[in-house]
Amino acid sequence: MSDFAIYTEVVEKVRRLMLAYQASVKAEYIALCHRDGSLIAEVGNLPSCPEPSLLAVLGNGAYDSAKQMGGMLGGENFQSVSFSGENRSVYISSADNALLLLQVFPGSKLPNRVEDFNRLLVEKLLEAVPTFTQNTSKLI
């Protein structure tokens, strides 16, 4: 795992942005993860998933697999990956080179324009916390 730390007030700022986003897109759960699988901030809950950090690690693996597939398809630069199940849908996207957003939605379909809303959240997160665009092996 990477060695990084984030101050409590920064996490609270991130959580407020994520809570507003969660309400607007009606997500069940959202996690901001470091690419090593560490949770930075999360909102919502998944009673059926007692270990959110494992979900973060698996989400990172899924995203990395999609990036590899893109490379095999002639250098396609996939920016997100999504899954649909009977009761939930998952959308995973890059927030920065070292950060991912993992989002879980109720129902078998993602919300309309989730990519656009996600992009706005990422812009606000990077604007609110400039250290996210720096070397995130040591977030301060």
Side-chain angles (χ1 to χ4, degrees):
M1 275 195 205
S2 292
D3 179 24
F4 67 94
I6 300 176
Y7 293 117
T8 303
E9 57 270 11
V10 172
V11 172
E12 286 308 311
K13 184 187 294 187
V14 168
R15 281 183 44 76
R16 282 193 302 276
L17 287 168
M18 290 170 61
L19 281 167
Y21 175 81
Q22 179 189 26
S24 67
V25 297
K26 297 181 179 25
E28 194 172 350
Y29 176 80
I30 303 171
L32 180 64
C33 314
H34 191 275
R35 292 301 307 274
D36 69 3
S38 301
L39 286 172
I40 294 171
E42 61 183 332
V43 296
N45 65 26
L46 294 171
S48 62
C49 181
E51 191 58 47
S53 60
L54 180 56
L55 190 63
V57 170
L58 292 171
N60 273 286
Y63 184 81
D64 287 342
S65 294
K67 294 294 278 184
Q68 291 295 319
M69 286 174 50
M72 292 175 67
L73 297 172
E76 247 343 276
N77 188 17
F78 293 139
Q79 296 297 311
S80 65
V81 63
S82 62
F83 303 97
S84 297
E86 291 180 23
N87 301 309
R88 290 191 174 97
S89 301
V90 177
Y91 183 78
I92 304 166
S93 65
S94 174
D96 186 62
N97 290 334
L99 303 171
L100 289 181
L101 272 170
L102 184 143
Q103 303 168 53
V104 179
F105 297 93
S108 62
K109 294 185 180 180
L110 292 171
N112 290 333
R113 300 183 58 214
V114 70
E115 295 92 357
D116 296 334
F117 292 122
N118 181 78
R119 190 173 11 262
L120 288 173
L121 174 61
V122 168
E123 287 173 8
K124 287 181 181 189
L125 287 172
L126 295 178
E127 182 181 294
V129 189
T131 56
F132 283 164
T133 60
Q134 298 167 2
N135 178 359
T136 55
S137 63
K138 283 198 178 282
L139 289 177
I140 298 175

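Since this is a predicted model, take the numbers as computed values, not measurements.
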Undergrad: Going by the rule side-chain contact (heavy atoms from CB on, under 4.5 Å), which residues pair with Asn77 if we only count those two or more places apart in sequence or in a different chain?
TA: Lys67, Gln79
Undergrad: Specify the closest pair of heavy atoms between Phe78 and Ala66, including all atoms of both residues, with the distance to one decimal.
TA: CD1-O, 2.9 Å
Undergrad: Could you give the distance from CG (Leu32) to CD1 (Ile40), rounded to the nearest 0.5 Å?
TA: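 Between atom CG of Leu32 and atom CD1 of Ile40 there are 4.5 Å.
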Undergrad: Residues two or more places apart in sequence or in another chain: which of them pass side-chain contact (heavy atoms from CB on, under 4.5 Å) with Glu123?
TA: Arg119, Leu120
Undergrad: Distance check, rounded to the nearest 0.5 Å: Met69 atom CE versus Glu76 atom CD?
TA: 11.0 Å
Undergrad: Quick one: salt bridge (Lys or Arg N to Asp or Glu O under 4.0 Å) pairs with a partner in residues 97-114, sequence neighbours left out?
TA: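 Counting only pairs at least two positions apart or across chains, the salt bridge (Lys or Arg N to Asp or Glu O under 4.0 Å) contacts touching residues 97-114 are Arg113-Asp116.
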Undergrad: What heavy-atom pair brings Ser84 and Ser89 nearest, and what distance separates the two atoms?
TA: OG-OG, 4.0 Å
Undergrad: Quick one: list whatever passes salt bridge (Lys or Arg N to Asp or Glu O under 4.0 Å) with Glu28, sequence neighbours left out.
TA: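 If we apply the salt bridge (Lys or Arg N to Asp or Glu O under 4.0 Å) test to Glu28, skipping adjacent residues, the hits are Arg88.
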Undergrad: Who pairs with Val122 by side-chain contact (heavy atoms from CB on, under 4.5 Å), at least two apart in sequence or on another chain?
TA: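 Residues passing side-chain contact (heavy atoms from CB on, under 4.5 Å) with Val122: Ala95, Leu101, Asn118, Leu126.
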Undergrad: Please report the shortest heavy-atom distance between Val11 and Ala41, naming the atom on each side.
TA: CG1-CB, 4.4 Å
Undergrad: Donor-acceptor pairs are to be reported for all side-chain atoms of residues 50-63 against protein atoms at under 3.5 Å, with residues two or more places apart or in another chain.
TA:
{"unit_1": "Glu51", "atom_1": "OE2", "unit_2": "Ser53", "atom_2": "OG", "d": "2.6"}
{"unit_1": "Asn60", "atom_1": "OD1", "unit_2": "Arg35", "atom_2": "NE", "d": "3.1"}
{"unit_1": "Asn60", "atom_1": "ND2", "unit_2": "His34", "atom_2": "O", "d": "3.4"}
{"unit_1": "Asn60", "atom_1": "ND2", "unit_2": "Ala56", "atom_2": "O", "d": "2.9"}

Undergrad: Do Ser94 and Leu100 make a side-chain contact, defined as non-hydrogen atoms from C-beta onward lying under 4.5 Å apart?
TA: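 Yes, at least one pair of side-chain atoms sits under 4.5 Å.
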Undergrad: Rounded to the nearest 0.5 Å, how far apart are CD1 of Ile30 and CD of Glu42?
TA: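 Going from the CD1 atom of Ile30 to the CD atom of Glu42 covers 11.0 Å.
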Undergrad: Not counting sequence neighbours, list each pair that qualifies as a side chain to side chain donor-acceptor pair (under 3.5 Å) and has a residue in residues 11-26.
TA: Tyr21-Gln103
Undergrad: What I'd like to find out is whether the side chain of Tyr91 reaches to under 4.5 Å of the side chain of Ser93, using heavy atoms alone.
TA: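 SC-SC contact between Tyr91 and Ser93 confirmed.
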Undergrad: For atom CD of Gln68, decide whether the heavy atoms of other residues, nucleotides or ligands shown that lie under 6.0 angstrom number more than 12.
TA: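 Check fails, neighbour count at 12 or below.
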Undergrad: Return the set of residues passing side-chain contact (heavy atoms from CB on, under 4.5 Å) with Glu86 (not counting sequence neighbours), or none when no residue passes.
TA: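 Partners of Glu86 under the side-chain contact (heavy atoms from CB on, under 4.5 Å) test: none.
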